[in-house]
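Below is one structure; the comments refer to it alone.
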Amino acid sequence: MSEILNMLDIVKCYFLDAEELVVLNKINLKINEGEFVSILGPSGSGKSTLMNIIGCLDVPTSGKYILANNDVEDLDEKELARIRNREIGFVFQSFQLLQRLTALENVELPMIYAGVSPENRHKRAAEILGRVGLTDKMNNYPNQLSGGQQQRVAIARSVVTEPTILLADEPTGALDQKTGQQIMQLFKELNDEGRTIIMITHDTNIARYSKRIVNILDGCLSEGAVS
Amino acid sequence: MLKESMKMAWSNIIHNKMRSFLTVLGVLIGVSSIIALITIVQGATGSITSQISSLGADKITIQAMGTRLKQGLNENDLVQLSQVNNVSGVSPTVSGKTSFVYDRNVKTGVSVEGKNEVYFKKESDILARGRGVNILDVNNKNSIAVIGSDLAKELFFGTEPVGQKILINGNTVTLVGVLKESSGSILASTNNTVIMPYTSAMKTLGVRNITSVDVYMSDANESESITNDLTTILNSAFNYRENTFSVLNMQNIIDVIGNITGMLTLLLAGIASISLLVGGIGIMNMMLVSVTERTTEIGLRKALGAEPAQIQLQFLIESIFISLFGGILGLILGIIIALSAAVIMDFTFTITAWTIILAVGFSAAVGTIFGLAPARKASRLNPIDALRHV
Ligand SMILES: Nc1ncnc2c1ncn2[C@@H]1O[C@H](COP(=O)(O)OP(=O)(O)OP(=O)(O)O)[C@@H](O)[C@H]1O
Ligand SMILES: [Mg+2]
């Protein structure tokens, strides 16, 4: 299996007034293509911070980060945008759907920036929404959807461009157990198709769906046991 | 991508109808006031210029008060003036008011003008009927006259004035022609005037000197050199005394008016531009609010792969749309205002392509200039800060 990302001594600090807050402390993490990794840790341990760095939304204070054979430090804004568009699919903790767009239009969004033609965008978005079981809700606006349905739209949006890595921050955080299990089932399917998945959670039951668990505590990583 | 950006910009404009409308209004007021002011000033200038031209753009008027020893011009001076290069003829004007008797009707305060044959040759379509003054009339001081149209109507209602004999200041004068109704400005109206050979007029009115002469140019472009030559002759005629004469060139007056109204146009357009500037600031304000409101959206778009240039384009298009919309509506409103003004103030309405280009170009420029800073601000947002912004 080929390596998809490699983090070497990643440090992230925030400076509040004169005080220095180390959120990520020399993180080393290597993930191969096709893995399904859970990053497990308590609130405030630095999970989201790590995910933002993995997803090229944020930059580390120090350390080296290689993503899909690119040293992220060397990339400019435009190239970063391209990487986020092609290599990474985000599922945010708070869905992050645009309220003014329908489910279908929300799913189309990343394809606009990938330069897909309108007809193909429509077709692809409808297909993917069918796959997450929302064919009859395609033209609903986010506020006309339940939390689980919104989460599924967010997942559909994250995989519609067929990114190398699916990055999900607490994908089941806002959902009941049953819906959470459905979402996990979907992730499993996507992983079986060969997609690399990195999922952030503080719930051990959810982490159990993945093949590898990495624990994070006070900004330090340790490999965990797979149940 | 451009089409997508336009669609997104449009949907955002529609989504904030009231705000967009108010911002459009700002630009609309600016553009319409510029268009209306420029068009009105240009129309008024055109009508003033054409009125002055109707007084004779190919004519230089000399007023010669003269000195105490030599009051006015004599025949010899007239000959010299008529020999200047590019001068096709001179016509002295002798004028006065006197009484007028026809068939027991007495009319006082009638204005009598003395002219020569050159005047009737140059102002060719001045006659309605009969003939004008000819050279023999001038040389022989013939007692003839041409009558203005209103005067003719008033005194000879129903009868033909040509051939009738009237008394002007006690002298019997035969009417030989009737003037056309003059439609031009009141300044140039001859409707209530009687025109005689200037030699006879001098006798009738008791005028001894010629103090006013019209000089007709064969080439109006040479007005400057002609004016100089005339001045030289007049200087020597009046012994180089100051304030003895004036040479009035219509072209000069038209030029001066052109300069004044040109400056007026610039001044008014400048004042109106201030309102366009305020409109531009309105756009900037709206766009800055829009960027702040949509910070999370910008962060999300960036996370999904939008390049900074694409974000910038989307916001820039939005502000250009707003201001172009204002510009086009302003153009229409400005034209309506100018048209109404044209009807009320009675001048011919004309709109130049230049004005339209100015309106559309100006508003597009305003949209670009004032939209640029907010658009850049949006494009430079850090995706993670933007996403966290709630
Ligand atoms: N912009 C920031 N400035 C200062 N401190 C920050 C900033 N962002 C995060 N932190 C701090 O970094 C630490 C880790 O935050 P992070 O969001 O990564 O936690 P998390 O593990 O995702 O927690 P949760 O499970 O609650 O989402 C927290 O203590 C937080 O206060
Ligand atoms: Mg978090």
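A, B, ... follow the sequence lines: proteins, then strands. Residue 1 opens every chain.
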A:R100 vs B:M8 side-chain heavy atoms within contact, under 4.5 Å: no
Lys/Arg-Asp/Glu bridge criterion (N-O < 4.0 Å) met for B:K7, A:E105: no
Toward chain A, the part of B:D385 with a non-hydrogen atom under 4.5 Å: neither
Residue-level interface, residues 25-33 of chain B with chain A, non-hydrogen cut-off under 4.5 Å: none
Carboxylate-amine/guanidinium proximity below 4.0 Å for B:R380 and A:E77: no
Residues, nucleotides or ligands: over 12 heavy atoms within 6.0 Å of A:N120 CG: yes
Smallest separation among heavy atoms of A:L109 and B:L304, with atom names: CD2-CD1, 3.9 Å
Residue part contacting chain B, namely of A:R86, when any heavy atom lies under 4.5 Å: neither
Partner chain A: residue of B:N12, B:I384, B:N382 with the largest heavy-atom pair count (under 4.5 Å): B:I384
Residues of residues 9-17 of chain A near chain B, each having a heavy atom less than 4.5 Å away: A:Y14
Exceeds 12 heavy-atom contacts within 6.0 angstrom, atom CZ of A:F95: yes
Other residues, nucleotides, ligands: >12 heavy atoms within 6.0 Å of A:N69 CG: no
Engaged part of B:E297 at the chain A interface, taking heavy atoms whose separation is under 4.5 Å: both
Side-chain (A:R84) to main-chain (B:K302) donor-acceptor, under 3.5 angstrom: yes
Nearest-0.5 Å distance that lies between atom CD in B:Q310 and atom OH in A:Y113: 6.5 Å
Under 4.5 Å from a heavy atom of chain B, the part of A:P118 involved: side chain
Non-hydrogen atoms of B:A306 and A:A81 that approach each other most closely: O-CB, 3.6 Å
A:Q99, CD: over 12 other non-hydrogen atoms inside 6.0 angstrom: yes
Interatomic distance, A:F92 atom CZ to B:L300 atom CG [nearest 0.5 angstrom]: 6.0 Å
A:E79 CD: over 12 foreign heavy atoms closer than 6.0 Å: yes
Option in B:P308, B:A303, B:P383 with maximal non-hydrogen atom pairs under 4.5 Å from chain A: B:A303
Derivation of the side-chain contact (heavy atoms from CB on, under 4.5 Å) call for B:R388 and A:L57: CA-CA 11 Å; B:R388 279 224 194 91; A:L57 291 176; over 6 Å; no
Within 6.0 Å of CD in A:E73, more than 12 heavy atoms from elsewhere: no
pair B:R301-A:L98: side-chain heavy atoms closer than 4.5 Å: yes
